[in-house]
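So that the names make sense, note that chain A is the first sequence line, chain B the second, and so on, each numbered from 1.
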Number of protein chains: 2
Amino acid sequence: MMRKMSSYPIGFTAHDHAQCVKSALAAAQAVCANRGVQLTPVRLRTLEILLEEHAAMGAYDVLARLNAEGLGSKPPVAYRALGFLVDQGFVHRIEQLNAFIACAHPEDAHSPAFMICRSCGTVAEAKAQSGKFAQSAAQTGFQIEQTVIEAEGLCPSCQPQVQS
Amino acid sequence: MMRKMSSYPIGFTAHDHAQCVKSALAAAQAVCANRGVQLTPVRLRTLEILLEEHAAMGAYDVLARLNAEGLGSKPPVAYRALGFLVDQGFVHRIEQLNAFIACAHPEDAHSPAFMICRSCGTVAEAKAQSGKFAQSAAQTGFQIEQTVIEAEGLCPSCQPQVQS
DNA sequence: CGCATCATGTTATGTTATAACACACAACGT
DNA sequence: ACGTTGTGTGTTATAACATAACATGATGCG
Ligand SMILES: [Zn+2]
Ligand SMILES: [Zn+2]
Ligand SMILES: [Zn+2]
Ligand SMILES: [Zn+2]
């Protein structure tokens, strides 16, 4: 995971970062309380790291941060925390990058879709709308449980500028 | 990749397998000639293996087969051949499985969409139709170059039967 | 021939992910 | 208090996936 994993935009637009981290954490706390699952220190801190970074991070990148803070140094620690957060829907896994990113729309359940800039590494999350694919799957009798939708390309700021 | 990677259906329906392998190989030969690229023995055999298997295979599974036939024993051999075939569009990579599968629609260029049965491991390929996601991406100014669409779920034969 | 291009062979290593077992601790019924 | 169960953590070890880098051979061309 030697990418420049340190961007900021949610989507491709700026925003109040401190606020967005804080509210996402609060939301997660509430949801966990509701569901009767534990948002333990490692899990909480893992989520916080992903929210602060606001970019796709490899499991071992997360682990390095946890380790620096004395919260665990072995792969299973990171993978367990990430697995929990993914199960709860606070974090999504990005298959193309073997990486994880905090959910940008934690307010409601959804299946995510991502746009991944191959130049700057920025990842934007959209909610996936059910489309033709779901219909054709239903037609063939396939029962969809989970979908992965990831587009790779160039974000607005990384596209070659046209001459005026 | 310790799945039971030895299925048959293209999509979820039976078909004349020998014929489908033969025609796909012929098509690939023709395309390569057209493009002035070489379908070398390793590449050809790799494609043939994937076509025969007609299922998602890990790179090391393919490598094992190549090795058994004296066509190469080291990972780069398999990854290069697979890389070539993916570049040419004869094979697709399935991100969720870290696996490869021969294209089921080699006649024309397309971006694929997959349905992956979590019970039997069968993978069906559909052509991805451009949908709402592409539109919303265009709206935000993101320039899509490649898309990954993979659905996980239960294929028709693996769904629990309803009582009559 | 000298040189560039493409493909292959090989070594070594890097990166991602999980199995399996040991331990701590809280909740619960007896 | 005691054993039991469930859940989370700590740790070892290893599995599974992937590529960098360099050497060798074959082909085509000026
Ligand atoms: Zn989300
Ligand atoms: Zn960009
Ligand atoms: Zn295809
Ligand atoms: Zn099935």
Side-chain angles (χ1 to χ4, degrees), chain A residues 1-5 28 32-33 35-47 50 56-88 90-101 121 148 150, chain B residues 1-5 28 32-33 35-47 50 56-88 90-101 121 148 150:
Chain A
M1 191 50 39
M2 269 303 86
R3 285 163 205 269
K4 38 183 157 30
M5 287 284 168
C32 284
R35 293 183 186 161
V37 297
Q38 308 176 47
L39 196 54
T40 61
V42 190
R43 293 169 176 177
L44 177 63
R45 186 62 191 130
T46 300
L47 176 56
L50 284 169
M57 297 181 76
Y60 281 74
D61 295 338
V62 173
L63 179 58
R65 298 275 223 101
L66 292 175
N67 191 18
E69 302 172 19
L71 283 170
S73 60
K74 309 295 169 48
V77 172
Y79 280 101
R80 280 173 191 150
L82 290 166
F84 171 85
L85 295 170
V86 168
D87 287 347
Q88 300 300 322
F90 304 143
V91 164
H92 301 297
R93 176 178 168 86
I94 302 192
E95 298 290 346
Q96 277 185 96
L97 302 177
N98 294 331
F100 300 85
I101 193 167
V148 172
E150 300 174 3
Chain B
M1 191 50 39
M2 270 303 85
R3 285 165 205 270
K4 38 183 159 27
M5 288 282 170
C32 285
R35 293 182 186 161
V37 297
Q38 308 175 46
L39 195 55
T40 61
V42 190
R43 293 169 176 177
L44 177 63
R45 186 63 189 127
T46 300
L47 176 55
L50 284 169
M57 296 181 77
Y60 280 73
D61 295 337
V62 173
L63 179 58
R65 297 276 222 100
L66 292 175
N67 191 18
E69 302 173 19
L71 283 170
S73 60
K74 309 295 169 48
V77 172
Y79 280 103
R80 280 174 191 145
L82 290 166
F84 170 86
L85 295 170
V86 168
D87 288 347
Q88 300 301 321
F90 304 144
V91 164
H92 301 298
R93 176 177 167 84
I94 302 192
E95 297 290 345
Q96 277 185 96
L97 302 178
N98 294 331
F100 299 85
I101 192 166
V148 171
E150 300 173 1

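Of the residues near DNA chain D, P76(B) and G72(A), the one whose nearest nucleotide (by heavy atom distance) lies more toward the 5' end is G72(A).
Nucleotide dC17(D) holds its C1' atom 16 Å from the CG atom of L97(A), rounded to whole Å. Taking atom CD of residue E95(A) and atom C1' of nucleotide dC17(D), one finds them 14 Å apart after rounding to whole Å. Rounding to whole angstrom units, CZ of residue R45(B) and C1' of dT8(C) are separated by 18 Å. Protein atom CG of N98(A) is 16 Å distant from nucleotide atom P of dA16(D), rounded to whole Å. Atom CZ of R80(A) and atom C1' of dG10(D) are 7 Å apart (whole Å). When rounded to the nearest whole Å, the span between CG of D87(B) and P of dC6(C) equals 14 Å.
Neither OP1 nor OP2 of dG10(D) sits under 4.0 Å from any side-chain N or O of S73(A). Put simply, R43(B) has a side-chain N or O that comes within less than 4.0 Å of OP1 or OP2 on dA7(C). Residue Y79(A) places none of its side-chain N or O atoms closer than 4.0 Å to OP1 or OP2 of dT18(C). For Q38(A) and dG8(D), the shortest distance from a side-chain N or O to OP1 or OP2 is below 4.0 Å. Here R93(B) reaches the OP1 or OP2 of dA18(D): one of its side-chain N or O atoms lies under 4.0 Å away.
For the 3.5 Å distance criterion, the side chains of Q96(B) and E95(A) fail to qualify, holding no donor opposite an acceptor.
Remark: side-chain polar atoms of R35(A) are paired, donor with acceptor, to backbone N or O of Q88(A) under 3.5 angstrom. Between the side chain of R45(B) and the main chain of L71(B), no donor-acceptor pair closer than 3.5 Å is present.
In this structure, the aromatic ring of Y60(B) is positioned over the six-membered ring of the base of dC17(D), centres within 5.5 Å and planes within 30°.
Across dA18(D), dT11(C), dT11(D), the shortest atom-to-atom separation from the side chain of F100(B) is found for dA18(D).
Across all non-hydrogen atoms, the minimal contact from Y60(B) to P75(B) is OH-CG, 3.4 Å. The minimum heavy-atom distance between L47(B) and L85(B), with the atom names listed, is N-CD1, 3.7 Å.
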